[in-house]
2 protein chains.
Amino acid sequence: MSYATDLTETSASRAASTDTAPSQVHKPGQCTRANEVISLVGDKWSVQIVMLLGTGRHRFMEIKRAIEGISQKMLTVTLRGLERDGYVTRTVYPTIPPKVEYELTDLGLDLLEPLRALGSWALANHDRVVAARTAYDARAKAK
Amino acid sequence: MSYATDLTETSASRAASTDTAPSQVHKPGQCTRANEVISLVGDKWSVQIVMLLGTGRHRFMEIKRAIEGISQKMLTVTLRGLERDGYVTRTVYPTIPPKVEYELTDLGLDLLEPLRALGSWALANHDRVVAARTAYDARAKAK
DNA sequence: CAGTATCCGTTGCGATACTG
DNA sequence: CAGTATCGCAACGGATACTG
C-alpha cells in the first residue's frame, strides 16, 4: 500500500477535505521503505533510549538506571540495533573495569526532532486518549 | 525514567551542547504517560492505518486491500484499538450486505501531523539507515 | 562494568473456518 | 461484506547465571 507521505503534502491541505473519494497520490513501495525506519519506533525501548541519549553521552549502566524497567538483555539488544541502524555510536574504553559510552550520531540527532514532536503530542494529548478509552470501556461494559 | 520532552525544549537548544553532563530536567512519570500514547506507534499496523485514513473515510475491505499484508484479524483488532483510543470512528450501516466505514476523529487528525513528520523523515533518511546497516554488517562479517 | 548465554513463559499474529 | 472464534507457531522479552 501507500499513503501520501510526500514532503509536499501538508496536513492543512487535507484537513479541509471531507469528501469520501480517496483522491490522494499513491506510490507503492513508499510505505515499505518508511516502515523500515518507523518500525524502530514500534520497538518498546528504542524511542526512550534515543530520547535519553538526546540529553548527551551516557554509559551503559547510566542508561539502564534511567530507563525504568528495562532488562540488561533488552538494553544490549536495543543499543546494538540502534548502532547498526546508525543512530548511535558505541565507544569502548579498554580499562578495568570496562567503560562503554553511547552517543547519538548526526542521524540520531536528526531523528530526535520528529521524535520530540511525537513525544510532545503524546504528552499534550494523553488525557484525551485516556478519556476516550474510559468512555469506550464504559459503553462496552453497558453492552 | 524521564527525558526532557517539555514543549519548551527545542531540538536546537540541545544540538549545540556537546557536554557529557546530563543536566536536563527530569520529571518521573512523563515517560510513562508519553509511552501510553507512543506505544500505538509501536504497533505494526496502527500507523499505516491512521495514515491511510488521513486520506479520508474508508470501508473495511478498502482498508484491507490498501494495507498490503494485513490479515483480517489484525485489521479488526487494530481498528478496535484505534476506536477505543478515540482516533477513529466506526459507522455501521445496517444494510445487507453490511457496510462499515472508518474515519479519523479530530484527535486522529491531530495525530496525523506528528505522524506525517515522522513518515517524511523516514522516507527522506531511509537510505542513510540502509547504508549504516550495510556498513555495520560488513564490519561484523569481517570480524 | 558491560556484557553473553540459556531457559522459558507470554504475546503477537497469520491461517483457517464459520456467521449474520 | 464485515466480522468472530480457534489453533498454533514464532518472536519478544524477562530472569538468571556466567565471564573478561
Side-chain angles (χ1 to χ4, degrees), chain A residues 1 20 22 31-32 35-36 38-49 52-53 57-85 88-103 136 139-140 143, chain B residues 1 20 22 31-32 35-36 38-49 52-53 57-85 88-103 136 139-140 143:
Chain A
M1 74 147 297
T20 317
C31 293
T32 318
N35 274 342
E36 243 181 287
I38 293 180
S39 64
L40 169 144
V41 183
D43 197 81
K44 189 178 179 181
W45 304 110
S46 292
V47 174
Q48 293 191 62
I49 293 177
L52 176 69
L53 291 180
R57 183 185 303 152
H58 288 286
R59 296 186 59 173
F60 186 88
M61 274 302 159
E62 280 176 15
I63 305 176
K64 178 154 168 36
R65 272 186 294 269
I67 311 281
E68 195 173 350
I70 194 169
S71 66
Q72 188 149 339
K73 174 185 172 181
M74 286 320 294
L75 180 54
T76 303
V77 170
T78 306
L79 283 171
R80 285 291 183 285
L82 291 174
E83 189 193 357
R84 188 170 104 98
D85 285 3
V88 311
T89 57
R90 178 170 176 270
T91 314
V92 183
Y93 299 89
T95 57
I96 297 179
K99 178 180 174 182
V100 180
E101 287 189 333
Y102 293 89
E103 189 175 19
Y136 182 94
R139 281 199 304 275
K143 212 172 340 116
Chain B
M1 74 148 296
T20 317
C31 294
T32 318
N35 275 341
E36 242 181 288
I38 292 181
S39 63
L40 169 143
V41 183
D43 197 81
K44 188 178 180 184
W45 304 110
S46 292
V47 174
Q48 294 192 61
I49 293 177
L52 176 68
L53 291 180
R57 182 186 303 152
H58 288 287
R59 298 186 58 171
F60 186 87
M61 274 300 158
E62 281 177 13
I63 305 175
K64 178 151 167 39
R65 273 188 291 270
I67 311 282
E68 196 172 349
I70 193 169
S71 65
Q72 187 149 341
K73 175 185 172 181
M74 285 319 296
L75 180 54
T76 302
V77 170
T78 306
L79 283 170
R80 284 292 182 284
L82 292 174
E83 188 194 356
R84 187 171 106 99
D85 285 3
V88 310
T89 57
R90 178 170 176 270
T91 315
V92 183
Y93 299 90
T95 58
I96 296 178
K99 178 180 174 182
V100 181
E101 287 190 333
Y102 293 90
E103 189 174 18
Y136 183 93
R139 282 198 306 275
K143 213 174 342 118

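So you know, we letter chains A, B, ... as the sequences are listed, proteins then strands, and number each from 1. Values reported hereafter were calculated over all heavy atoms of this structure, with side chains retained and with hydrogens, waters and symmetry mates removed.
One interatomic measurement links the two molecules: CG of A:L75 to P of D:dG14, which rounds to 11 Å at whole-angstrom precision. What separates CD of B:E101 from P of D:dC1 is a distance of 14 Å, to the nearest Å. Atom NZ of A:K99 and atom C1' of C:dA2 are 13 Å apart (whole Å). For the pair A:M74 CE and D:dA11 C1', the interatomic distance rounds to 11 Å; values are reported in whole Å. Atom-to-atom, NE2 of A:H58 to P of C:dC1 comes out at 16 Å; the value is rounded to the nearest Å. In this structure, B:I70 atom CD1 and C:dG14 atom C1' are separated by 11 Å, rounded to whole Å. Rounding to whole angstrom units, CD of residue A:E68 and P of D:dG14 are separated by 13 Å. The nearest whole Å value for the distance from the CG atom in A:L79 to the P atom in C:dA2 is 11 Å.
For the side-chain contact (heavy atoms from CB on, under 4.5 Å) test, no residue two or more places apart in sequence or in another chain qualifies with B:K44. B:S39 pairs by the side-chain contact (heavy atoms from CB on, under 4.5 Å) definition with nothing, not counting sequence neighbours. Every residue was checked against the side chain to side chain donor-acceptor pair (under 3.5 Å) condition with A:R59, not counting sequence neighbours, and none meets it.
B:K64 comes within contact range of no nucleotide atom at all, as no heavy-atom separation falls under 4.0 Å. Counting any heavy atom pair closer than 4.0 Å across all strands shown, B:Y102 reaches sugar-phosphate atoms only and no base atom.
Between B:W45 and B:E68, the closest heavy-atom pair is CZ3-O, 3.9 Å.
Looking at B:L75 and B:I49, their side chains come closer than 4.5 Å, going by heavy atoms from C-beta outward. The shortest side-chain heavy-atom distance between B:I63 and B:I70 does not fall under the 4.5 Å cut-off. Here the side chains of B:L53 and B:E103 are not in contact, with every heavy-atom distance at 4.5 Å or above. Residues A:D85 and A:L40 have side chains in contact (heavy-atom distance under 4.5 Å, counting atoms from C-beta outward).
Closest to the side chain of A:T76, from the set C:dT4, C:dA2, C:dG14, is C:dT4. Considering only the side chain of B:R59, D:dA2 comes nearest among D:dA2, C:dA2, D:dG14. Nearest nucleotide to the side chain of A:V100, out of C:dA2, C:dG14, D:dG13: C:dA2.
The strand DNA chain C forms stems, runs of 3 or more Watson-Crick or G-U wobble pairs with distances below 3.5 Å, at C:1-20 with D:1-20.
Contact check, B:R80 against D:dT4: a side-chain N or O comes under 4.0 Å of OP1 or OP2.
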Seminar exercise, completed: Whether each nucleotide of nucleotides 15-20 of chain D has a protein heavy atom under 4.0 Å at its base (B), only at its sugar-phosphate (S) or at neither (-) is summarised, 5' to 3', as B----B
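Sorted by first and then second residue, the side-chain hydrogen bond (donor to acceptor under 3.5 Å, both in side chains) pairs involving residues 88-98 of chain B (not counting sequence neighbours) are B:R90-B:Y102, B:Y93-B:E101.
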